[in-house]
Amino acid sequence: MDTMVLARELSALGRLGDEPSAESVLRGLTTALAAGVPGCSGGSAEQWLGDRVLVSGSHSELIALVEAERELGAGPSVEARRTGQPVSAPDLLRHPPWPEYAPLAVGQGVRSVLALPVPVEPVLLVVVLYAVRPGVLPEHDAPALAAMLAGQVGVAMANLGDFEQMRTDAAQMQEALAGRAVIDQAKGIIMQSRGCSAEAAFEELRRISQHHQVKVADLARLLVEEHSQGGG
């Protein structure tokens with residue numbers, strides 16, 4: 001297997017796009033496998049966290065195949081997840097290890113599969129490579145391939161986690177700024193109606209919020225809304 005081509009394809013996973021998500025990382029992984037592994041025509045990836053699963057694939061038919069396999073309770077991804085070991089079926093047409101799964105796969109043009117469990121803490125990925133020809137997938141290189149996927153996907157997931165944290169921090173900051181702005185508006189209303197200082201207006205807001213057990217920002221927002229509806 002030419003790992004240089006695959007490594008180049010996988011390296012793009014760490015560069016998050018405009019709408020980064022775990023699903024987009026998994027979709028990028030499956031398309032990288034189809035482009036970088038000789039003989040591979042498509043891929044699917046399941047991200048397991050406990051009993052929760054997120055499924056993606058290079059083709060919609062493969063996503064449907066994975067979901068059908070889960071309903072059957074038998075197939076390459078089910079076995080790879082259960083055993084924690086690579087699972088290979090070089091020819092589903094002549095030597096099908098899963099009699100019920102094989103016709104479904106062959107019906108989608110799949111002749112051989114290679115399933116890899118890839119631990120990327122805190123989740124487990126189950127990656128399946130599909131080929132339209134028998135005996136072409138790199139089953140002998142499965143451990144090295146799984147290790148490569150774990151490294152590259154781990155980087156992508158770490159980058160995604162950092163991005164999500166940044167987005168959360170930005171949202172919290174924006175919320176805090178919006179809350180400060182509405183508090184300033186409420187203080188202005190109180191100052192105007194009572195002829196008091198800004199400090200006294202804020203103390204009045206805080207006193208009422210404690211009495212009614214509501215946040216100062218929520219109380220300020222209510223006051224501003226009522227003032228606006230009353231025409232000032």
### Query
Do Leu125 and Glu46 pass the side chain to side chain contact (heavy atoms under 4.5 Å, CB included) test, and can you show the C-alpha distance, the side-chain angles, and the key distance before you say yes or no?
CA-CA 5 Å; Leu125 297 183; Glu46 298 169 81; over 6 Å; no
### Message
Apply side chain to side chain contact (heavy atoms under 4.5 Å, CB included) to residues Leu219 and Ile208 and explain how you reach the verdict.
### Response
CA-CA 8 Å; Leu219 176 63; Ile208 298 173; 3.7 Å; yes
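Applying the salt bridge (charged side-chain N to carboxylate O under 4.0 Å, His left out) test to pairs two or more places apart or on separate chains, none has a residue in residues 29-42. Every pair passing side chain to side chain donor-acceptor pair (under 3.5 Å) that includes a residue from residues 123-132 is listed here, sequence neighbours excluded: Ser44-Tyr130. The list of side chain to side chain donor-acceptor pair (under 3.5 Å) pairs with a residue in residues 205-214, not counting sequence neighbours, reads Glu203-Arg206, Glu204-Arg207. Within the structure, no pair that satisfies the salt bridge (charged side-chain N to carboxylate O under 4.0 Å, His left out) test touches residues 52-67, not counting sequence neighbours. For residues 35-56, there are no ring-ring contact (aromatic ring centres under 6.0 Å, His included) pairs, not counting sequence neighbours.
Glu69 and Trp98 form no side-chain donor-acceptor contact under 3.5 Å, judged by distance and modelled atom types alone.
Ser58 approaches Gly42 most closely through the heavy-atom pair OG-CA, 3.2 Å. Closest approach of Ala45 to Leu29, counting heavy atoms only: CB-CD2, 4.2 Å. Taking all atoms of both residues into account, the shortest heavy-atom contact from Val136 to Ala131 is CG2-CB, 3.5 Å. Nearest heavy-atom pair across Leu92 and Pro97 is CD2-CD, 4.2 Å.
Within the 4.5 Å cutoff, side-chain heavy atoms of Arg81 are placed close to those of Leu124.
By the criterion of side-chain heavy atoms lying less than 4.5 angstrom apart, applied directly or through intervening Ile, Leu, Val, Met, Phe, Trp or Tyr residues, Val126 is grouped together with Leu72 in one hydrophobic cluster. Under the 4.5 Å side-chain contact rule for hydrophobic residues, Leu137 and Leu33 share a cluster. The hydrophobic cluster containing Leu222 does not contain Ile183, counting ILVMFWY residues as joined when their side-chain heavy atoms lie under 4.5 angstrom apart, directly or transitively. Leu49 is connected to Leu54 through a chain of hydrophobic side-chain contacts under 4.5 Å among Ile, Leu, Val, Met, Phe, Trp and Tyr, so both are in one cluster. Linking ILVMFWY side-chain heavy atoms closer than 4.5 Å, directly or via other members, places Val55 and Leu62 in a single hydrophobic cluster.
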Could you give the side-chain donor-acceptor pairs of residues 99-122 under 3.5 Å, partners two or more places apart or in another chain?
from   : atom 1 : to     : atom 2 : distance (Å)
Arg111 : NE     : Asp91  : OD1    : 2.7
Arg111 : NH2    : Asp91  : OD2    : 3.3
Ser112 : OG     : Arg133 : O      : 2.8

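Separation of atoms OG (Ser60) and CG (Leu65) is listed at 11.5 Å; rounding is to 0.5 Å. Between atom OG of residue Ser77 and atom CZ of residue Arg70 there is a gap of 7.5 Å, rounded to the nearest 0.5 Å.
In this structure Gln185 satisfies the side chain to side chain contact (heavy atoms under 4.5 Å, CB included) test together with Val182, Val224, sequence neighbours excluded. Taking the side chain to side chain contact (heavy atoms under 4.5 Å, CB included) definition, one finds that Ala201 meets it with Lys187, Ile190, Met191, Cys196, sequence neighbours left out.
Taking Ile, Leu, Val, Met, Phe, Trp and Tyr as members and joining any whose side-chain heavy atoms lie under 4.5 Å apart, directly or through other members, Val78 forms no hydrophobic cluster with any other residue.
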